[in-house]
Amino acid sequence: MEPIITPSLRVGRSVISYSFDVLLIIACLTVYSYVIYGLRPVLLTLITIGTAMLCEAIACLLSRRRLTFGDGTALVTGGLIAMMMSPITPVWAAMAAAAFAIWVAKMPFGGSGRNIFNPAAAGVAFATFCFPRSVLTYPNPDQGLRLLWDTTAVIPQESVASVLKSGGASFETPMNMLFGNTPGAIGATTILVLLAGLIYLACRRTVSLHAFIPYVLTCAVIALVFPRTGGNLLNGVFLELTSGLLLFGGIFMLNDPTTTPHHASGRVIFGILTGIAVMLMRHFGRFEDGVCFAILLMNPLSSVIDRAAWQVSHFVEKRWLHRV
Amino acid sequence: MNSAKRGIPMLLDKGVAAAKPIVVLGDVKRVYLPLSYGDQRRCRPVVKDFDTVMAGSVLAEPIDLDDVPLISSVTGVVAGMSEMFHPLYGQLTCSAIDAMLFESPTDPVTPTMPEDVDADTIMKCCKQAGIVDELDGVQLHLKLADWAATGTTPCLIADATEPEPFQSSAYAVLRAHSKPVQFGLRLAALAAGIPATRIALQTSYSRGRKLAERFDPNDIHSIRRRRYPLFDKEPAEYRGQCGFIGVQACLALYRAVTDGTPQTSTVITVTGDAIDEPRNLLVPFGTPIEAALQACGVDKTVGLLLLGDALSGVEITDRSLPILPGMTCLLAFSDPIKKRMRSCIGCGQCAAVCHKGLLPYEIARRYENLQYERLSALEPQECDACAACSAVCPAHRPLVQTVQQAAHSMGTIFVDWGDE
Amino acid sequence: MYKPTASHTGWKFGQIFLDSAIRDNIVLAQAIGICPIILAGTDLKSGVVLTVCTLLVLLPVSFLMSLIGNRLPNWLHPVIYTLSASILLTGAAFVLDNFISTTLYAQLHLFIPLMAVNTIFTYRVGGFSIGNRPAAAIADALGSSFGFGLVICLVGLLRELLRANTIWGVPVPIELTLTEAAEPFLAFILLGFMAAALQVHAHRKKDDADPAFIVSDEEVDARD
């Protein structure tokens with residue numbers, strides 16, 4: 001008869017605090033986008049989050065299970081999808097992306113904690129496939145726009161990522177890139193806020209840097225070896241790293257605990273492979289930025305990578321380090 | 001990957017109970033002493049209802065001659081028999097004894113090491129006294145015989161580490177009876193043929209450091225690590241080969257050899273935020289838990305009652321259960337601390353804190369998905385149930401139970417399926 | 001490898017046909033033959049053509065292998081499948097090009113010979129027909145092709161409807177159009193949902209429901 005061991009001293013955090021941290025950063029990004037673009041991105045974010053919550057509630061009711069959106073992961077999915085949309089994306093496109101993310105990529109696999117694919121990446125991939133014009137056209141932030149519902153007066157601009165893809169030369173200054181003064185997705189242009197968010201999340205142990213740093217280094221190395229712009233090499237690498245969804249994907253989607261490897265050494269390998277996949281998508285893919293597709297490509301491999309990496313590191317620890 | 005950093009940070013400073021001296025339980029009215037320990041120690045009762053028993057007299061003779069007889073801890077009259085289910089020992093048949101007298105054991109003012117006793121005498125005294133080691137609930141003479149038989153153990157360690165914030169019974173006993181414990185440890189080492197002895201103490205908090213100053217530095221192995229679990233309880237030169245013994249068992253052995261007194265009581269820490277005056281309480285075996293709680297004053301309603309320390313304690317609801325050899329801590333919390341369990345989110349914290357380098361999330365996943373044939377590759381039998389993984393899990397999953405079940409079920413899968 | 005659930009050793013022609021077509025549908029339940037559906041099943045006509053090709057090849061080869069397959073060495077089996085399928089498909093392509101429709105042949109020109117190396121043959125013929133009576137093999141071949149046809153025609157119909165707004169080339173008054181990139185993506189997702197629908201309905205007779213659901217409900221309720 002084995003006694004049941006109940007640790008009553010819980011020193012860990014709860015799942016809700018993980019979601020809360022990410023939502024905090026998303027809120028900061030939304031505020032920043034309000035400053036640049038007006039009220040529309042904020043409304044878009046709120047509507048997308050609401051749609052994600054509603055879809056999860058409906059799916060739980062249909063499958064006769066307890067409502068599970070209390071752990072906040074649906075809110076995070078909705079927020080991330082909104083951050084990757086353009087400021088002039090129509091509302092129905094964002095809502096469709098959120099519905100797809102919850103109903104196709106999350107709930108059929110078992111809901112929160114059991115999904116294989118990152119729901120936010122799947123939702124944005126769906127929107128990119130089906131409505132590319134709605135998702136990939138960006139307004140110029142210098143126009144001093146105050147957007148709300150009517151977006152017909154906006155002249156669409158090319159983002160730096162699409163300029164690089166079509167082989168052109170981009171003349172955006174580094175300061176513009178860092179402060180988000182460039183056409184791009186709602187939450188993915190302000191590099192400084194993103195990096196500050198990364199530092200906060202890393203200090204809180206919500207994300208681990210085991211995946212992010214190899215990912216960025218791999219992308220930088222590939223950008224260095226195969227540059228897409230002529231001229232100054234460092235400037236080219238900097239533009240490559242700060243354009244599109246590369247850093248955003250590396251911070252939020254590469255560190256999603258459910259769909260990425262759980263072991264530290266597995267995360268390193270996953271970061272490197274995702275970096276290679278992202279750069280391949282950028283060079284040879286159809287759309288200007290393939291971060292979502294690269295993440296979706298790597299998600300099913302995460303358990304294999306995890307186990308292989310653990311076996312290797314366990315073997316090394318036992319034989320050579322004598323730590324166990 | 002440096003496993004020296006693994007584990008969870010935990011404040012190991014003991015509370016009020018450690019600051020105060022040991023209190024002897026006042027009026028003991030009724031004790032429940034088992035007449036048989038189920039399949040582990042089968043015994044034949046020799047007392048009947050309304051018999052008068054003296055403290056130290058035999059209540060039940062063991063069927064297996066290697067076991068010790070079951071001894072009464074108080075002087076009184078047998079009032080009846082009752083069956084009860086104990087979470088640690090299983091189904092027990094207990095005799096209810098109305099206690100008239102309980103004498104707490106005393107030591108001489110200047111304790112001295114007994115001269116010219118040999119191993120056989122010590123073993124005989126140990127067996128007669130019926131000493132049970134509180135560390136693992138095993139009879140002490142069996143452990144000593146094991147060590148004597150193999151003969152390869154270089155060091156015997158009295159484990160007074162208690163690596164969690166509540167339990168302080170070993171600390172209190174060591175502080176109150178420093179010399180007898182040390183002598184008892186040396187007697188045990190003599191009986192088992194072990195050359196070296198140490199007392200393992202945790203000195204990451206100030207009281208521990210003060211206690212360590214009382215002893216000769218050569219006799220102490222002090223651990224300064226502030227993380228749980230403390231896996232370096234052995235000195236570096238003896239790593240992996242030491243034997244462990246409990247502090248109260250050493251004390252009981254000393255008393256058994258010098259006076260011939262049997263082991264009839266234990267020191268149990270009663271603490272928690274639902275207790276008025278947390279104390280280390282000296283109680284005779286068989287005292288109901290309710291009596292111990294009342295002695296320390298229960299002011300609020302108790303939401304969670306734990307037998308054992310905070311990390312490996314068993315939750316109990318029946319307060320009439322007796323305190324038996326092997327129990328050293330009782331925790332009463334007003335808040336039930338029940339958190340809602342969610343599905344695993346894959347954060348990997350459990351693998352990060354495991355000091356054996358296991359993957360609790362993967363073991364649990366394979367066990368729940370009935371992939372038993374793939375369990376052995378993850379080596380769940382290496383787990384020593386420190387419960388750091390369950391403590392740190394954000395989804396509040398019972399990881400340590402699952403890993404223990406996985407470790408026990410390997411090789412007996414067909415038996416498990418047959419039961420359902 | 002996925003094993004069909006019904007017992008096939010008896011003389012149950014109709015049961016085998018229905019099982020292969022619906023319950024153990026080769027595309028939805030056994031995940032064989034997905035490639036032609038995604039790549040070539042873009043409209044109803046192609047779907048029908050590919051189904052006919054599959055049937056034309058599967059039927060004779062199944063019958064042949066159920067008669068003599070046991071006596072041939074194992075390594076010879078894939079050679080026979082591929083050779084016989086190639087011969088039959090060459091004939092079918094010739095007939096399609098010259099007697100039925102040249103444009104259809106031009107649209108499908110690569111995928112007809114590709115059927116020769118499709119996993120359908122290895123799994124259905126090698127896994128089933130070889131060890132069974134000829135009549136059972138014929139029933140299974142008919143059922144598998146029918147099941148495959150059901151799926152590819154349904155998917156082809158939907159794709160044609162949404163991409164070109166026609167059914168069998170006849171325009172239909174629907175205004176929805178999808179981008180070219182979205183088509184195979186959505187076709188895959190549709191296949192997934194069809195497989196899930198099959199799991200729910202055709203296997204409902206089983207007493208145990210999906211283990212993932214049961215574990216989730218119990219453990220969510222356990223701690224409260």
Side-chain angles (χ1 to χ4, degrees), chain A residues 1-19 66 68 70-73 110-116 205-208 210-211 255-268 302-303 306-307 309-318 321-324, chain B residues 1-4 8-10 38 87-91 164-166 228 304 306-308 310-315 331 333 337 339-340 342-352 355-359 361-362 377-379 382 385 387-388 390-396 398 400-401 404-405 408:
Chain A
M1 206 334 258
E2 302 292 332
I4 303 171
I5 305 173
T6 54
S8 293
L9 221 58
R10 301 235 179 238
V11 301
R13 314 159 50 191
S14 68
V15 178
I16 299 179
S17 72
Y18 278 79
S19 312
R66 183 188 290 237
T68 58
D71 60 358
T73 46
S112 184
R114 295 173 193 264
N115 45 319
I116 305 177
R205 307 286 167 100
T206 308
V207 310
S208 71
H210 293 122
N255 291 302
D256 179 28
T258 317
T259 51
T260 56
H262 314 316
H263 196 63
S265 34
R267 283 179 177 153
V268 169
S302 50
S303 53
D306 207 7
R307 267 172 256 163
W310 177 75
Q311 274 170 358
V312 170
S313 77
H314 197 63
F315 178 78
V316 164
E317 275 193 11
K318 271 187 124 158
L321 298 182
H322 294 292
R323 291 279 192 196
V324 241
Chain B
M1 293 221 275
N2 180 8
S3 69
I8 43 183
M10 194 178 288
L88 293 181
Y89 295 105
Q91 191 73 20
E164 51 89 67
F166 295 107
Y228 174 85
L304 182 68
L306 283 186
L307 195 56
L311 280 155
S312 61
V314 179
E315 186 181 339
L331 296 175
F333 296 110
I337 321 179
K339 304 263 174 125
R340 176 163 168 191
R342 301 181 191 274
S343 59
C344 169
I345 64 168
C347 61
Q349 290 292 314
C350 50
H355 69 103
K356 294 275 187 180
L358 301 178
L359 295 180
Y361 63 86
E362 186 64 25
L378 295 173
E379 303 172 2
E382 298 270 331
S390 291
V392 100
C393 176
H396 309 302
V400 65
Q401 283 98 303
Q404 289 293 306
Q405 278 168 2
H408 289 293

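Proteins get letters first, then strands, A, B, ... in listed order; numbering begins at 1 in each. Quick caveat: nothing in here was measured; it's all calculated off a predicted structure.
Only the side chain of A:D306 comes within contact range of chain B, judged by heavy atoms closer than 4.5 Å. Residue B:L331 does not touch chain A at all, counting heavy-atom pairs closer than 4.5 Å.
For the pair A:R307 and B:E362, the tightest heavy-atom approach, listed with the atom from each and the gap, is NE-OE2, 3.7 Å. Contact detail for A:Y18 and B:C347: the closest heavy-atom pair is OH-CB, 3.6 Å. Between B:Q349 and A:R205, the shortest heavy-atom contact is NE2-O, 4.3 Å.
In this structure a side-chain-to-backbone donor-acceptor pair under 3.5 Å is missing from A:S112 to B:S343. Remark: the backbone N or O of B:I345 is paired with a side-chain donor or acceptor of A:T258 at under 3.5 angstrom. No donor-acceptor distance shorter than 3.5 angstrom exists from the side chain of A:H263 to the backbone of B:A351, with no hydrogens or angles considered.
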